[in-house]
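Structure, as structure tokens:
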Amino acid sequence: MPHFRPRRKTDLPFVMGVLNVTPDSFSDGGAFIDQAAAVERGLEMLRNGADVIDIGGESTRPGAEPVPVEEELRRVIPVIKSLREQSAARLSIDTFKPEVARAAVEAGADIWNDVRALQEPGALELAAELGVPVILMHMSGKPKTMQDRPEYEDVVGQVCDFLTERADIAMGAGVDVNSIWLDPGIGFGKTLDHNLALMRDLDQVIKLGYPVLFGASRKRFIAAIDEGADEMERLGGSLAAAMRAGQAGAAMVRVHDVRMTVQALKVQAAIRRGSA
Ligand code: 9MG
């Protein structure tokens, strides 16, 4: 799959379904991960209209502990292989570790979703070698500490500068311009005000000229607005954010609730067109 580019501007953004293969998502509370349940969830998201499944074995939530490479591989590779056997749909690997990205692509993944924007040693060279689409995301700090008082003078300008620089560096290392996607990294080292500014001014990121992935699904900023809404009570906020991304021209939204997001995006597009 050499290039994966957005559909025409008037069409719906692609929908990327989140598949976290982590013990808190697919275990009975112990360390054992139910791989079959994870694969079934991925297939269900595809039946519900997802264009891409994003498979991750290390949580990137604020405060999350790092996971060793071997454990991450143990979690994601069997799931990728099984989904690949059962579906021709696009699969994305959510990892910042080059070792995991390589094994995932060998196992059948088509896209590299890198929350560290190819900053790990060897990542740039590997992205050029693999030749798959790569998502470069902005994050200030690392998941463990990124929410410890993040500061910016101009969050939108700084995120745009960072993404432009990472895209330039990637191309300098041999990554094809048509393989590059950008992502402002909602919730990654950002306060509520930072997240809101990035959502309001998302068109600034889109104007950089690359397809943009946008992910706000179930994130904590929703609970800062609708006080105390726990993770499973954030569908309304997630849809509102996805609608904003669709309106601004994002090429893909990363979501947990695929069925409802597809429906909301279809209604938004129908309203825009004035016909079903
Ligand atoms: C892994 N992950 C969690 N949130 C994300 C987001 O908003 N964008 C991307 N690219 N990856 C994310």
Side-chain angles (χ1 to χ4, degrees), residues 4 6 13-22 24-25 42 45 50-67 72 75-76 79 90-97 100-101 104 109-120 123 127 132-144 146-147 150 155 159 162-163 166-167 170 179-190 194-196 198-199 202 205-206 208 210-222 231 234 237-238 241-242 244-246 248 250-258 261:
F4 171 46
F14 289 113
V15 172
M16 171 186 262
V18 178
L19 188 58
N20 290 325
V21 192
T22 50
D24 51 333
S25 308
M45 288 194 285
D51 300 286
V52 179
I53 303 298
D54 190 36
I55 302 143
E58 172 168 9
S59 173
T60 50
R61 288 167 204 221
E65 294 289 343
V67 171
E72 201 177 329
R75 293 177 183 180
V76 296
V79 173
R90 290 186 178 92
L91 305 177
S92 154
I93 175 68
D94 155 23
T95 187
F96 61 84
K97 298 187 188 101
V100 177
D110 312 282
I111 299 169
W112 183 359
N113 175 22
D114 186 356
V115 298
R116 295 219 0 96
L118 304 179
Q119 291 180 97
E120 287 297 301
V132 296
V134 58
I135 297 159
L136 306 176
M137 198 197 78
H138 176 273
M139 168 165 58
S140 171
K142 297 210 169 157
K144 183 106 181 75
M146 66 188 175
Q147 289 309 108
V155 66
V159 166
F162 170 86
L163 292 175
R166 292 310 303 165
S179 295
I180 295 176
W181 285 61
L182 303 181
D183 184 330
I186 298 297
F188 284 84
K190 285 137 190 138
H194 297 143
N195 289 318
L196 292 175
L198 282 164
M199 286 188 259
L202 190 60
V205 183
I206 287 161
L208 297 175
Y210 298 89
V212 168
L213 170 65
F214 174 88
S217 177
R218 298 189 187 171
K219 289 195 176 169
R220 288 185 189 183
F221 78 89
I222 298 169
E231 225 182 299
R234 298 179 192 165
S238 303
R244 168 63 193 138
M252 182 153 66
V253 291
R254 183 180 182 277
V255 303
H256 298 82
D257 302 286
V258 169
T261 307

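Start at 1 and go down the list; that is how both ligands and their atoms are numbered.
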Under 3.5 Å between any N/O of D54 and any N/O of ligand 1: does that happen in this structure?
no
Between K190 (side chain only) and F188 (backbone N and O only), is there a donor and an acceptor less than 3.5 Å apart?
yes
Between L213 and ligand 1, which residue portion shows a heavy-atom distance shorter than 4.0 Å: side chain, backbone, both, or neither?
side chain
Which ligand 1 atoms does D94 reach within 4.0 Å, using its non-hydrogen atoms?
1 (C)
Heavy-atom nearest neighbour in the protein, as seen from atom 9 (C) of ligand 1, with distance rounded to 0.1 Å:
D183 OD2, 3.1 Å
Where does the angle between the aromatic ring planes of F14 and W181 fall among parallel (under 30°), tilted (30 to 60°) and perpendicular (over 60°)?
tilted
Short N/O distance, under 3.5 Å, between M137 and ligand 1?
no
So, R234 side chain and I222 main chain: donor-acceptor pair closer than 3.5 Å or not?
no
Is a side-chain N or O of S238 found less than 3.5 angstrom from the main chain of R218, in a donor-acceptor match?
yes
To which protein heavy atom is atom 11 (N) of ligand 1 closest, and what is the distance rounded to 0.1 Å?
N113 ND2, 3.2 Å
Shortest protein heavy-atom distance from atom 2 (N) of ligand 1, along with the residue and atom involved
R254 CZ, 3.3 Å
Please confirm whether F214 comes under 4.0 Å of ligand 1, counting heavy atoms of the residue only.
no
Would N20 and T22 count as having a side-chain donor-acceptor pair, cut-off 3.5 Å?
no
So the atoms of ligand 1 within less than 4.0 Å of a heavy atom of V115 turn out to be 1 (C), 11 (N)
Would you find a donor on one side and an acceptor on the other, under 3.5 Å apart, between the side chain of S25 and the backbone of V21?
no
With heavy atoms of K219 as the reference, note each atom of ligand 1 found under 4.0 Å away.
4 (N), 5 (C), 6 (C), 7 (O)
Please evaluate residues K97 and E120 with respect to the criterion side-chain contact (heavy atoms from CB on, under 4.5 Å), reporting the C-alpha separation (whole Å), side-chain torsions for both, the decisive distance (0.1 Å), and the verdict.
CA-CA 7 Å; K97 298 187 188 101; E120 287 297 301; 5.8 Å; no
Checking side-chain hydrogen bond (donor to acceptor under 3.5 Å, both in side chains) against T95, which of E58, R116, E72 comes through?
E72
Atoms of ligand 1 less than 4.0 Å from G215 heavy atoms?
7 (O)
